[in-house]
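A quick write-up on the structure given underneath.
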Amino acid sequence: MRAKTHLTVLLQRHLAAMNLPWPAKAAIEAPREKSFGDLAANVALLLGKEAGKSPRDLAEVLALSLRNDRAVSSATIAGPGFINVTFSPAFWQETIGQVEEAPETFGSSHVGSGKKVQVEYVSANPTGPLHIGHGRGAAVGDSLVRLLRFAGYTVRTEYYINDAGRQMRLLGLSVWLRVRELAGQNVAWPEDWYRGEYIIDIAKKMLAEDPALAALPDEQGVDRCFEHAMQSILDGIKKDLADFRVEHEVWFSERGLVAGGAVEKAFERLHAAGYSYERDGALWFRTTAFGDDKDRVLRKSDGSLTYFASDIAYHNDKFNRGFDHLVDIWGADHHGYVPRMRAAIAALGKDPQQFDVILVQLVNLLKGGEQIAMSTRAGQFETLADVMTEVGADASRFMFLSRKSDSHLDFDLELVKQRSLDNPVYYVQYAHARICAVLRKAGERGVFLPPRTDESSWALLAQDAELKLMRQMDRFEDVVESAALNLAPHHISHYLMETAGELHSYYAAHQVLGAGDDALTRARLGLLRSAGTVIARGLSLLGVTAPDSM
RNA sequence: GCGCUGGUAGCUCAGCUGGAUAGAGCAACAGGCUACGAACCUGUAGGUCCGGGGUUCGAAUCCCUGCCAGCGCGCCA
């Protein structure tokens with residue numbers, strides 16, 4: 001980032017001196033091949049086009065003035081209007097100093113400029129334990145939150161509890177029937193019911209606490225069971241998320257929202273704006289006015305609310321809480337719901353641009369290549385908690401975050417469990433542990449690291465592998481920024497893979513403790529320490545630990 | 001039928017707000033520990049970026065169209 005910024009500033013200054021504007025589509029690119037130099041700019045090409053001058057002449061002039069800059073070691077013309085720029089070793093060496101001076105904040109950015117963002121994620125119905133699909137949403141959401149905060153946003157996190165509606169009624173009924181069954185009564189099972197083991201556990205526990213429970217009338221029994229079951233399941237969800245290092249600051253209840261009259265308030269707004277009408281005894285929302293293919297029901301003819309109705313009220317409430325931007329993380333199977341929600345937001349007089357949905361694709365859970373089917377209602381699934389105990393939070397988080405969220409993900413328990421190369425988290429963690437091992441060994445041998453701000457020692461680091469590592473470190477802020485702006489935490493894991501690669505290459509090519517020169521050894525120790533800092537910082541954005549040893 | 005998402009190396013995937021010669025890991029092949037951690041490194045091989053049009057100095061990336069795959073189209077949540 002520093003390199004890109006520096007080159008941009010330089011070019012702008014030289015162009016201004018020549019009375020030329022900064023072209024609108026200027027692109028400064030990181031190199032793909034060594035021969036391209038450190039950075040390439042297409043400024044001359046674009047300017048030539050815009051100002052009607054020869055790109056080659058412009059490039060010549062720009063390259064000439066760039067060569068006069070202390071930080072630039074070469075600037076060459078490549079192709080019509082491209083300039084390849086190589087920075088001097090001194091320029092890259094400064095990167096170490098920047099990491100060393102601010103190890104906690106290196107790479108952080110101000111693109112967020114304090115904007116208030118709310119991220120709502122997981123929000124699974126409390127009808128059963130979290131499974132691995134929820135885990136992916138949790139990992140993506142949590143990492144995004146860490147990322148946005150690091151990029152300068154003010155972020156609040158929230159879990160929306162769907163504690164009203166039919167599914168919850170069904171949960172209460174399922175537990176209630178188990179209670180009666182356990183009490184020796186004959187029960188008839190409805191078609192849709194929750195048949196997981198955990199339902200029986202809850203029923204058993206309730207019966208143990210109150211043996212007279214089964215004698216209650218159905219209505220009361222279902223209510224009691226529902227309240228108890230939901231609380232117990234919710235407690236389990238909170239524990240699972242905590243074990244997965246995921247936190248929600250606010251747990252928002254749908255029931256509370258409805259009881260507070262928020263739905264009626266939202267209806268009034270829609271009505272005042274002319275977007276709702278009555279038909280067939282139901283209340284409708286004219287979503288077709290916003291491009292939806294049919295209008296949607298808000299209040300059913302039996303007087304009860306649709307899920308959509310309370311969701312509209314919920315998002316209205318979120319906007320009214322003063323957020324500049326809302327991010328929802330949903331399962332990809334809800335994608336059809338997005339246009340409807342956007343329509344609602346527009347109808348409420350809010351800006352749909354300030355609302356983003358990240359769709360997280362389903363996780364295909366495998367065990368040694370064999371697919372495991374998952375269904376909450378049928379009670380067959382691998383819970384997130386089970387996966388945690390089998391493979392741990394680090395490996396599963398990294399796996400979830402190594403692919404963009406809207407692509408399918410094969411999660412093979414056997415593979416993730418293995419400490420094999422199929423499992424890149426260890427490659428990155430190993431790089432960090434390796435650095436720590438060398439620093440430890442240095443201490444044992446009485447070799448002391450240079451002070452964090454000792455610029456003169458960095459000048460000794462001019463090997464190719466060293467400069468490449470510094471250049472990679474310099475990119476960190478850039479990666480953070482683009483990952484935050486694109487709401488794409490997986491960029492971080494890819495960056496970490498590359499960084500670890502540079503570190504391992506360097507490590508294999510050059511001795512640190514055995515460099516044969518005390519000053520050089522100390523300088524290299526400084527480089528390792530700063531590289532370790534960057535890796536640890538990146539891992540922390542994924543919520544993955546950076547172990548000192550493995 | 002309509003819509004959303006995807007189609008990139010043998011496999012799993014990055015890259016997609018247009019930039020130069022399209023990348024990584026795994027698998028394959030050939031090498032490297034008497035050196036700070038070999039959970040590592042070096043090298044080789046591997047491509048019609050699904051097909052076809054278009055936009056322009058330039059397209060994996062944007063537009064149109066066809067094919068394939070997954071998902072969604074309730075007064076369910």
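Because only heavy atoms are used, hydrogens play no part in the values below, and waters and symmetry mates are left out as well, while side chains stay in. By convention in this document, chain letters (A, B, ...) are assigned in the order of the sequence lines, proteins followed by strands, and residues within each chain are numbered from 1.
Here A/R286 does not pair with A/E278 in a salt bridge; the nearest charged N to carboxylate O distance is not below 4.0 Å. Between A/K468 and A/D464 there is no salt bridge, since no side-chain N of the basic residue sits under 4.0 Å from a carboxylate O of the acidic one. Checked for salt-bridge contact, A/R475 and A/E498 meet the test: a charged N lies under 4.0 Å from a carboxylate O. Under 4.0 Å is where a charged nitrogen must lie from a carboxylate oxygen, and between A/R524 and A/E466 at least one such pair does. By the 4.0 Å N-to-carboxylate-O rule, A/D328 lies close enough to A/K318 to be salt-bridged with it.
Spacing between B/G37 and B/G6 at atom P, rounded to whole Å, works out to 45 Å. Comparing B/C50 with B/C68, their C1' atoms sit 8 Å apart, to the nearest whole Å. On the P atoms, B/A59 is 13 Å away from B/A22, given to the nearest whole Å. Of the C1' atoms belonging to B/C40 and B/G25, the separation is 15 Å, rounded to the nearest Å. Nucleotides B/A27 and B/G72, compared at atom C1', are 36 Å apart to the nearest Å. Distance check on atom C1': B/G70 versus B/C63 gives 25 Å, rounded to whole Å. Remark: the separation of the P atoms in B/C67 and B/C26 is 39 Å, to the nearest Å.
Atom CZ in A/R403 sits about 14 Å away from atom P in B/G25, given to the nearest Å. Atom C1' of nucleotide B/U17 and atom CG of A/L487 are separated by 13 Å, given to the nearest angstrom. Here B/C40 presents its C1' atom at 13 Å from CE of A/M497, a figure rounded to the nearest Å. Going from atom CG of A/L409 over to atom P of B/C13 covers 8 Å, rounded to whole Å. Rounded to a whole Å, the CG atom of A/L401 is 15 Å from the C1' atom of B/C13. Rounding to whole angstrom units, CE of residue A/M550 and P of B/G37 are separated by 14 Å. We find that CG of A/L359 is positioned 8 Å from C1' of B/C4, with the value rounded to whole Å. The separation between A/I358 atom CD1 and B/U5 atom P is 15 Å, rounded to whole Å.
With a cut-off of 3.5 Å on both pairing distances, the Watson-Crick or G-U wobble partner of B/C11 is B/G25. For B/C4, the paired base is B/G70 (Watson-Crick or G-U wobble, both distances below 3.5 Å). Using the Watson-Crick or G-U wobble rule with both distances under 3.5 Å, B/G19 pairs with B/C57. Applying the Watson-Crick and G-U wobble criteria (two distances, each under 3.5 Å), B/G46 pairs with nothing in any strand. Both distances falling under 3.5 Å, in either a Watson-Crick or a G-U wobble arrangement, occur for no nucleotide opposite B/U34.
Dashed line: the shortest gap from a side-chain N or O of A/H490 to OP1 or OP2 of B/G15 is under 4.0 Å. Taking side-chain N and O atoms only, A/R434 has a distance below 4.0 Å to OP1 or OP2 of B/A38. Residue A/K441 has a polar side-chain atom (N or O) positioned under 4.0 Å from OP1 or OP2 of B/G37. Proximity of A/S405 to the phosphate of B/U5: no side-chain N or O atom is located under 4.0 Å from OP1 or OP2. Under 4.0 angstrom from either OP1 or OP2 of B/C41 there lies at least one side-chain N or O belonging to A/Y427. Of the side-chain N and O atoms in A/Y426, none sit less than 4.0 angstrom from OP1 or OP2 of B/A39.
The aromatic ring centroids of A/F285 and A/Y277 lie 6.0 Å or more from each other.
Taking every side-chain heavy atom of A/K404 into account, B/C16 is the closest of B/C16, B/C13, B/C36.
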Problem set entry | side chain to side chain contact (heavy atoms under 4.5 Å, CB included) assessment of A/V122 paired with A/Y160 | CA-CA 8 Å; A/V122 188; A/Y160 183 54; over 6 Å; no
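Figure legend: A/R342 and A/F355 shown without cation-pi pairing, the cationic atom not lying both under 6.0 angstrom from the six-membered ring centre and within 45 degrees of its axis.
Each of A/L513 and A/H491 was matched to the nucleotide of RNA chain B holding its nearest heavy atom; the match closer to the 5' end belongs to A/H491.
Residue contacts shown for A/A433 include a base, since a base heavy atom lies under 4.0 Å away. In this structure, A/H432 reaches neither bases nor backbone, as no heavy-atom distance under 4.0 Å exists between it and the strands shown.
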For this session: Treat primed atoms plus P, OP1 and OP2 as sugar-phosphate and everything else as base, then score nucleotides 70-77 of chain B 5' to 3': B for base contact with protein heavy atoms under 4.0 Å, S for sugar-phosphate contact only, - for none.
Result: SBSSSBSB
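Using a 30° and 60° split on the angle between ring planes, A/Y337 and A/F308 fall in the perpendicular class, above 60°.
B/C33: glycosidic angle within 90° of 0, hence syn.
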